[in-house]
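Down below is the structure, laid out as structure tokens.
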Amino acid sequence: MNRTSNFMPTPDQDVLEVKPLRTLAPMFPAPLGVNVVNQSKTPLVFVAPAGQFPGVFGASNHPEVRSFATFGGQDQDVSGGKTAAAVGDPGAGGGQTPTFGDQETSRGKFAANGTPNIDVNATGTGPIDATPISAYKSTQPSIISLDDDDDDDDENDDEPYAGNQTSASGQNIKRPSHLSGYNMNDNLGSDNSNFMKIKRPKSSYRKAAADNELSLTPPSSNPREIVEVILMTFEALRRRHLQLDETQETSKRADLKVGAIMMASNLRANIGKRIGTVPGVEIGDIFYFRMELCIIGLHAPSMGGIDYMNAKFGDEDDSVAICIIAAGVYENNDDDTDTLVYSGSGGISKNNEDRHDQKLERGNLALERSLSRKNVIRVVRGYKDPACLTGRVYIYDGLYKIQESWKEKTKTGIDCFKYKLQREPGQPDGVAVWKISQRWIENPSARGSVLHSDLSCGAENLPVCLINDVNSEKGPYHFTYITQVKYFKPLSSMKPFQGCRCLSVCIPGDTSCVCAQHNGGDLPYSSSGLLVCRKLMVYECGESCQCSFNCRNRVTQKGVMIHFEVFRTTNRGWGLRSWDPIRAGSFICEYVGKVVDDNKVNLDGEDDYLFQTVCPGEKTLKWNYGPELIGEQITNISADTFEPLPIKISAKKMGNISRFMNHSCAPNVFWQPVQFDHGDDGYPHIMFFALKHIPPMTELTYDYGDIGAKSSGVGSNRAKNCLCGFSNCRGYFS
DNA sequence: GCACTTTCAACTCA
DNA sequence: CTGAGTTGAAAGTG
């Protein structure tokens, strides 16, 4: 396999040469496209916690069957649910009608190649990206170290790209020579006081134990995976920072702090500016912080709306725009998904005195130059987060070109530059998917191809649509929709759950909260309900707790909060996806079904809907990584130490939406044991959480597990061939 | 290289 | 619940 191919322009492309304005040094060292991965490094080193789940046999429950929905089986011999998330060859799907299924497919599946499925080069005469290398800190382990020899690592050839990154003006990007600045134990005359702005209590920046040192080597040369690792690390650190900040009265803005850490540690992708697509970033990708755009190389300014750079056009240099954020700060109409009128920057001010006409400089000038140079410009659109009143979501909407520009007076009477951008043809839908799914949320009847408006018949908080826009099949085989797990013994006979005595709600940092103690001292969810870390077990507050139902430590027990649809896939039965964007760490749903007696499980024959706690692949196991960057122990579970739970749940005859989630070796969902209504840790609730940010209409998949790994051994003959086709596909699943 | 400026953030709190 | 006020990081600019 040609490991460099993802980064190289094809030789015969009409390549635009991009070079720094003020240096003569080439932007990237030869040879072009040298890969950024050092294979010799161990990927991530995890230190797994000791211990395992106590395997006590539990009792049962009086599960409440809140609804009874049945569906006639069709004559077609295709089951829903547990089938491999087969990935179609992009070219093999000929004849498919363009549907949202296709849209979804193009997002998830083509991701394996990390190659955007549009040919920017073919879309006209405009210049193209000629900075093909997705730079990544690969050769130096990112560790927190007290070891400060004050040497000048800028001359260290271990960082092949260090001296070659440039800013838009061609200046070398200043980088830290070491990470010791984060150690609050000593200052050591660090050469960059920027580090000291990152405030963390001394204790949390202590040196990581030697056996915890890791190198955050990307999992592969696939730029998509690199970007995902960067974003997952950012989010994991941000959630943890938030958690720490709550208990200590430190300042907030975990996004900025973590962004700075990752910048300083060079844990970022696509360093160096470029015109056109960014490797590993796909149209429709969603983000929740500007810093995320920053660290993956999509949009460099941390606040500014216009990203621009000097590029060479023939023999001439020109400063052109490369990416804009349209977040509705200035006046703009946002009805059309293919055109965008963007306002130049400057002029507006909070107090009216400072208001002035916009000037044709910086970003505005770059946009003007892009109009004449006709280069493509990335567009990111920002919207209010429907799930969070104060939050924002950013959606990457692909490449646009400026068609015209003009100057007009705003309502407040200042001159404002306007730029009309037109979306390049042939790109998959980005914001259009967002807009239409938002419309369905407001008005579900606008959704076409509906077979059933609510599979749950009112049992869930929100209706679950059944959709088939692929073929004539009328629905999955008969099953009963239930919303709670059915244990084989009554709940009252199980070990009781020890609750807390917090009044009103549990407060972070309250050392007397029994529930926090169960969870290792911290509340497991952030204030917005995101799971902070993956754990062996999460203990929510339950009925035996004194706190109210509004307590933050009650998330999964409140049930489904997402607008789901069960939809017909093209080649793997029925699948599950969402109309809502889902943020990493969000609760999705519970694996509901009938808990089966371990002694009988093999007598029941084949059960495609049997959930077992089989060890998942490393993408799932690595969800938390990054704690070592703030000097904490790594608490991840590894495949070697993973211990399955005795619980087995069958959703064959009764279940909920989770029975439709397909398998993938590159999943976007993971399972997490959660307890709140009994104390038998061998039989917890199996709750699903988002592994990463999931755009609307993306199929939800989790890793069914690797039966080849150390696991229960039960059902090892049940292996199915996996067709998911991702670069690291194991080839089978349980 | 340093100080300063600019900026379609992201909070908090009244 | 909204808007004003506050604290910001990165990178351009001189």
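What you see below is based on every heavy atom in this structure, not just the backbone, and it leaves out hydrogens, waters and symmetry mates. Every chain is numbered from 1 and lettered A, B, ... according to where its sequence line falls, protein lines coming before strand lines.
Atom P of nucleotide B/dA10 and atom CG of A/Leu242 are separated by 13 Å, given to the nearest angstrom. Atom C1' of nucleotide C/dA11 and atom CG of A/Leu256 are separated by 15 Å, given to the nearest angstrom. If you measure from atom NZ of A/Lys384 to atom C1' of B/dA10, you get 14 Å, rounded to the nearest angstrom. The CZ atom of A/Phe417 sits 14 Å away from the P atom of B/dC8 (whole-angstrom rounding). Residue A/Arg253 contributes atom CZ, which lies 8 Å from atom P of C/dA9 at whole-angstrom precision. Rounded to whole angstrom, the span from the CG atom of A/Asp385 across to the P atom of B/dA10 amounts to 11 Å. Whole-Å rounding puts the A/Asp245 CG to B/dT12 P distance at 10 Å. The distance from atom NE2 of A/His299 to atom P of C/dA9 is 17 Å, rounded to the nearest whole Å.
The shortest non-hydrogen separation linking A/Arg423 to A/Gly430 is NH2-N, 3.6 Å.
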Q. So what's the dot-bracket for DNA chain B: Watson-Crick or G-U pairs under 3.5 Å, [ ] if a pair crosses, | if it pairs off-strand?
A. .||||||.||||||
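Distances shown here put a side-chain N or O of A/Lys273 below 4.0 Å from the OP1 or OP2 atom of C/dG12. Taking only side-chain nitrogens and oxygens, A/Tyr308 comes nearer than 4.0 Å to OP1 or OP2 of C/dT13.
Across all strands, A/Gly304 comes closer than 4.0 Å to base atoms (heavy-atom distances). The residue A/Gly346 sits close only to the backbone: its heavy atoms come under 4.0 Å of sugar-phosphate atoms, none of a base. Among the heavy atoms of the strands lying under 4.0 Å from A/Ile325 is at least one base atom, whether or not backbone atoms are also near.
Residues A/Lys312 and A/Asp318 are not paired through a salt bridge, judged by the lack of any N-O separation under 4.0 Å between the basic side chain and the carboxylate. Between A/Arg253 and A/Asp255, at least one side-chain N (NZ, or NE/NH1/NH2) sits under 4.0 Å from a carboxylate O, which counts as a salt bridge. Comment: A/Glu442 does not engage A/Arg439 in a salt bridge, judged by the lack of any side-chain N to carboxylate O separation of less than 4.0 angstrom. By the 4.0 Å N-to-carboxylate-O rule, A/Asp245 lies too far from A/Arg240 to be salt-bridged with it. With respect to A/Asp429 and A/Lys435, no salt bridge is recorded, no charged nitrogen being found less than 4.0 Å from a carboxylate O.
The side chain of A/Ser302 lies closest to C/dA10 when the candidates are C/dA10, C/dC1, C/dA11. Counting only heavy atoms from C-beta on, A/Arg362 has its side chain closest to C/dT13 among C/dT13, C/dA11, B/dC8.
Under a cutoff of 6.0 Å and an axis angle of 45°, A/Arg373 and A/Phe313 form a cation-pi pair.
Between A/Tyr394 and A/Ser345, it is A/Ser345 whose nearest contact on DNA chain B lies nearer the 5' terminus. DNA chain C is contacted by both A/Ala300 and A/Met303; A/Met303 maps to the nucleotide lying nearer its 5′ end (nearest heavy atom per residue).
Rounding to the nearest 0.5 Å gives a distance of 7.0 Å between NE2 of A/His241 and CG of A/Leu244.
Here ring-ring contact (aromatic ring centres under 6.0 Å, His included) pairs that include residues 268-304 of chain A, with residues two or more places apart or in two chains, are A/Tyr288-A/His693.
The side chain to side chain contact (heavy atoms under 4.5 Å, CB included) test with A/Ile562 is passed by exactly one of A/Ser586, A/Pro581, A/Ser578: A/Ser578.
Only A/Arg290, listed by number, bring a heavy atom of residues 290-298 of chain A to less than 4.0 angstrom from any atom of DNA chain B.
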